[in-house]
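Notes for the one structure printed next.
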Amino acid sequence: MSEEKRESLNFIEEIIEEDLKNGKYTAPATRFPPEPNGYLHIGHAKAICINFEIAKKYGGTTNLRFDDTNPTTEETEYVDSIKRDIKWLGYEWQNEALFTSDYFPQLYAFATTLIEKGLAFVDDSTPEEIALQKGDTTKPGVNSPYRDRPIAENLDLFRRMKEGEFPDGSRVLRAKIDMTHPNMHFRDPVLYRIKHETHHRTGDEWCIYPMYDFAHGQSDSIEHITHSLCSLEFRHHRPLYDWLIEQLGIFPSRQIEFARMNVAHMITSKRKLKLLVDEGLTIGWDDPRMPTLSGMRRRGVPAAAIRTFCDKAGVAKRENVIEAELFDFCTRQELNKTADRVMAVLDPVKVVITNFPEGETEMMSVENNPEEEDNGGYREVPFTREIYVERADFKKEPQNRKYFRLAPGKDVRLKGAYIIHCEGFEEDAEGKVTQINCTYYDNSRSGADTSGVKAKGTLHWVSIEHAVPAEVRLYDRLFTDPTPTMHEDKDFLEFYNEESLKVIPTAYVEPSLKTSEPGTTYQFMRLGYFATDTESTPEKLIFNRTVTLRDTWGKRKG
RNA sequence: AGACCUAUGGUGUAAUCGGUAACACAUCAGUUUUUGGUUCUGACAUUCAAGGUUCGAGUCCUUGUAGGUCUACCA
């Protein structure tokens with residue numbers, strides 16, 4: 001009973017448990033702080049999962065806060081898509097969505113406080129001059145000539161910046177810390193800049209906007225975020241994060257950095273993703289090949305699969321590249337439980353069952369999902385004299401002794417129907433098989449087989465008369481290289497997988513799919529998992545391949 | 001060149017805080033199967049290097065080595 005193995009914690013959970021144990025907090029408060037200037041991708045999913053799951057685990061809360069301090073890049077359109085994606089992933093943020101822009105008055109007051117304490121000054125230097133003043137990582141910087149302006153003058157100038165008296169770029173508010181500090185972020189960082197631009201929420205109310213370092217930590221503090229989780233590259237910002245909170249004397253949120261998740265064959269750079277779209281290499285941000293949440297959703301990846309994937313990938317502080325196989329595994333694991341099995345033939349070849357009565361249709365009862373209780377129910381599938389099977393499931397002369405699909409003289413089970421015996425085939429001048437002739441064992445009907453015939457293989461099939469044409473899109477990884485952006489000598493586009501999309505204009509699916517709703521996921525038996533595309537209609541069915549089935553046979557053949 | 005961070009099987013993450021390296025994916029072999037899917041079983045394989053402390057080191061110390069991050073009026 002007490003032999004229960006101790007659950008291992010990641011380093012963030014350890015910190016939180018410590019804080020809880022010491023009574024520092026009764027529950028954690030986390031936040032997910034996207035900038036509304038792009039679509040969410042798998043990397044964001046990781047951050048979302050970490051923040052929401054950790055709060056859930058310890059009975060805390062998670063805010064959604066849009067970090068909208070840069071009016072030039074941010075748009076309301078993204079706010080909506082981000083909200084939708086988070087909900088789809090299965091998470092609910094605390095109360096309404098929050099915006100850093102809601103704190104602009106408070107942030108302005110914080111800045112004033114800093115000036116009054118002699119810890120900030122208005123600098124008239126140009127961006128170039130400021131860059132020069134900063135020095136570099138080995139050389140200390142030098143003070144700005146405006147650094148020692150009297151407090152009253154700073155106050156006045158800052159107010160006039162806000163009033164719109166000065167043009168963009170003419171002045172900034174800087175913290176007054178230490179231009180020789182080894183941490184570059186302490187060399188009098190810029191706190192506010194002038195931008196006469198219309199903000200997606202505050203309109204033209206403001207023409208000065210706080211920088212990340214003077215917005216993020218303060219917003220965390222205002223919201224009483226206890227643990228502010230972010231990625232490793234913010235490590236060097238942390239001392240400044242702490243310094244500002246301390247000088248302001250406000251709620252001490254704590255920043256904790258973790259390594260962001262990289263996934264093999266995927267890229268998460270906003271700029272590069274945009275390039276793919278702009279170059280027409282993918283059809284938009286929700287192209288099923290994109291590592292965006294909208295792309296994955298369209299491809300048929302269940303939200304639960306993404307959640308378990310992020311969980312299995314773990315949390316630590318070292319650089320990592322998670323293999324794509326783990327992602328596929330999580331997708332299959334989820335879909336195996338939830339997706340109904342149906343039959344579809346992608347590359348058809350006609351089979352005539354010569355001893356089956358012409359014009360007769362026999363309804364076969366086929367289970368929907370053997371992984372579910374009661375097999376997920378049953379559906380009726382029509383069986384007739386002429387059917388399609390997969391061209392790859394027939395061989396004129398099989399070489400491999402372990403081959404147990406269709407070939408002259410061989411017996412094979414048609415899933416949910418009869419065992420058939422291959423009598424022969426017809427081919428055209430090029431040797432392409434045009435028809436396979438078979439006979440069936442009339443006492444081998446599925447579920448009532450008294451034939452005694454043993455068939456090693458089971459094939460999927462579709463009655464030609466009832467077959468419904470559909471477009472099927474086969475997706476593969478977008479890049480042939482696991483880390484396309486990590487080659488100094490090569491552009492990532494060189495690794496673009498030309499075969500990442502193969503369209504089959506006319507595949508044949510069983511009639512039960514005729515009215516399939518967009519977003520429905522299936523297992524096309526023996527082929528893989530598929531999802532009905534968002535643009536699919538009963539007049540033109542479209543299915544996207546989410547992921548193939550594991551294929552140990554195909555691999556062995558080499 | 002400086003400061004900071006990180007090094008555990010092929011990949012990712014653990015190891016109850018110094019007690020004899022584990023879990024998952026991948027790979028391979030077998031089992032089950034009316035999906036060459038699923039299930040189940042087994043195998044393979046690991047502490048960056050060199051010293052030191054200790055009865056005992058993946059854990060501590062020293063020195064290296066490798067990788068990453070930092071010098072936007074982006075976040």
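- Residue A:E35 is tested with A:T100, A:T69, A:N70 for a side chain to side chain contact (heavy atoms under 4.5 Å, CB included); the sole match is A:N70.
- Contact annotation: A:R193 side-chain N/O to B:C74 OP1/OP2 distance is under 4.0 Å.
- One can place NZ of A:K312 at 6 Å from P of B:C25, the figure rounded to the nearest angstrom.
- Between the side chain of A:E325 and the base of B:U11, no donor-acceptor pair of N or O atoms lies under 3.5 Å.
- Nucleotides B:C48 and B:U59 have their C1' atoms positioned 15 Å apart, rounded to a whole Å.
- Of the two residues contacting RNA chain B, namely A:P33 and A:A455, the nearest-nucleotide position lying further toward the 5' end is that of A:A455.
- Between B:C25, B:A72, B:U6, one nucleotide has an atom nearer to the side chain of A:K317 than all others, and that is B:U6.
- Candidate nucleotides B:U34, B:A72, B:G2 were compared by shortest atom distance to the side chain of A:T138, and B:G2 ranks first.
- Comparing the P positions of B:G67 and B:U8 gives a spacing of 14 Å, expressed to the nearest Å.
- Here A:K195 lies in heavy-atom contact (under 4.0 Å) with sugar-phosphate atoms only.
- With distances taken from any side-chain atom of A:R405 to the nucleotides B:A14, B:G36, B:C74, the minimum falls on B:G36.
- Residue side chain A:E371 reaches the base of B:G37 through a donor-acceptor N/O pair under 3.5 Å, judged by distance alone.
- Atom NE2 of A:H265 is separated from atom P of B:U11 by 14 Å (rounded to the nearest Å).
- We find that CD of A:E488 is positioned 13 Å from C1' of B:G68, with the value rounded to whole Å.
- Counting any heavy atom pair closer than 4.0 Å across all strands shown, A:G141 reaches no nucleic acid atom.
- Shown here is A:E163, whose CD atom has more than 12 heavy atoms of other residues, nucleotides or ligands within 6.0 Å.
- Between the CG atom of A:N320 and the P atom of B:A26 there is a distance of 18 Å, given to the nearest Å.
- At the heavy-atom level, A:S170 lies nowhere under 4.0 Å from the strands shown.
- Of the N and O atoms on the side chains of A:R341 and A:N336, at least one donor lies less than 3.5 Å from an acceptor on the other residue.
- Using a 4.0 Å heavy-atom cutoff across all strands shown, A:E257 reaches no nucleic acid atom at all.
- In this structure, A:L232 reaches neither bases nor backbone, as no heavy-atom distance under 4.0 Å exists between it and the strands shown.
- Heavy atoms of A:T69 sit under 4.0 angstrom from primed sugar atoms or phosphate atoms, though from no base atom.
- The local environment of NZ in A:K57 is crowded, with over 12 non-hydrogen atoms from other residues, nucleotides or ligands closer than 6.0 Å.
- Counting only heavy atoms from C-beta on, A:N70 has its side chain closest to B:A75 among B:A26, B:G36, B:A75.
- The environment of CZ in A:R260 is sparse: at most 12 heavy-atom neighbours from other residues, nucleotides or ligands sit within 6.0 Å.
- Comparing the C1' positions of B:U11 and B:A45 gives an interatomic distance of 12 Å, to the nearest angstrom.
- Searching all strands for a Watson-Crick or G-U wobble partner of B:C23 with both distances below 3.5 Å returns B:G12.
- Nucleic acid contact for A:Y192: none, since no nucleic acid atom lies under 4.0 Å from a heavy atom of the residue.
- Remark: ring of A:Y212 does not overlap the six-membered base ring of B:A75 in a stacked fashion, as centroids less than 5.5 Å apart with planes less than 30° apart are not both met.
- For the C1' atom pair drawn from B:C28 and B:G64, the interatomic distance equals 39 Å after rounding to whole Å.
- Residue A:R413 places no side-chain N or O under 4.0 Å from the OP1 or OP2 atom of B:U35.
- A donor and an acceptor atom never sit less than 3.5 Å apart when one is taken from the side chain of A:H185 and the other from the base of B:A3.
- Phosphate contact (OP1/OP2 of B:G37, side-chain N/O of A:R341, threshold under 4.0 Å): absent.
- Remark: C1' of B:G37 and CG of A:L459 are 14 Å apart, rounded to the nearest angstrom.
- Between the side chain of A:T458 and the backbone N or O of A:L414, no donor-acceptor pair lies under 3.5 Å.
- Remark: the A:T137 side chain and the B:A1 base include a donor-acceptor N/O pair separated by less than 3.5 Å.
- Relative to the side chain of A:V190, the nucleotides B:C74, B:U34, B:C73 differ in distance, and B:C73 lies closest.
- For A:R526, a side-chain nitrogen or oxygen approaches OP1 or OP2 of B:G36 to under 4.0 Å.
- With a cut-off of 3.5 Å on both Watson-Crick or G-U wobble distances, the partner of B:C40 is given as B:G30.
- A salt bridge links A:E257 with A:R238: at least one charged nitrogen is closer than 4.0 Å to a carboxylate oxygen.
- A:D449 and A:R413 are joined by a salt bridge, as a carboxylate oxygen and a charged side-chain nitrogen come within less than 4.0 angstrom of each other.
- B:A21 and B:A15 have their P atoms separated by 16 Å, given to the nearest Å.
- When the C1' atom is used for both B:U20 and B:A24, the distance is 23 Å, rounded to whole Å.
- For the pair A:I256 CD1 and B:C5 C1', the computed distance is 16 Å after rounding to whole Å.
- A donor-acceptor pair is defined here as one N or O able to donate and one able to accept, closer than 3.5 Å; such a pair exists between the side chain of A:N262 and the backbone of A:N320.
- Across every strand in view, B:U65 sits in a pair with B:A7 that passes the Watson-Crick or G-U test at under 3.5 angstrom.
- Residue A:P370 has its side chain nearest to B:G37 when only B:U71, B:G37, B:G36 are considered.
- Going from atom CZ of A:R260 over to atom P of B:A75 covers 17 Å, rounded to whole Å.
- Heavy atoms of A:D136 sit under 4.0 angstrom from at least one base atom.
- Of the candidates B:C4, B:U13, B:U27, the closest approach to any side-chain atom of A:H236 belongs to B:C4.
- Looking at the side chain of A:R318, the nearest of the listed nucleotides B:U71, B:A26, B:A14 is B:A14.
- Residue A:T458 has its side chain nearest to B:U34 when only B:U34, B:U71, B:C74 are considered.
- A:Y209 comes within 4.0 angstrom of no nucleic acid atom, judged by non-hydrogen atoms across all strands.
- A salt bridge links A:R149 and A:D124; the closest N-O separation between the charged side-chain nitrogens and carboxylate oxygens is under 4.0 Å.
- With a 3.5 Å ceiling on both atom-pair distances, the Watson-Crick or G-U wobble partner of B:G2 is B:C70.
- Computed from coordinates, the A:D188 CG to B:U71 C1' distance equals 14 Å when rounded to whole Å.
- No engagement by A:M261 is indicated, since no non-hydrogen atom pair under 4.0 Å with the nucleic acid exists.
- The side chain of A:E319 lies closest to B:G68 when the candidates are B:G68, B:C73, B:A14.
- Here, B:U47 and B:G10 have their C1' atoms 16 Å apart, quoted to the whole Å.
- Nucleotides B:U69 and B:A75 place their C1' atoms 16 Å apart, quoted to the nearest Å.
- Donor-acceptor pairing under 3.5 Å, judged by distance alone, is present between the side chain of A:E323 and the base of B:G10.
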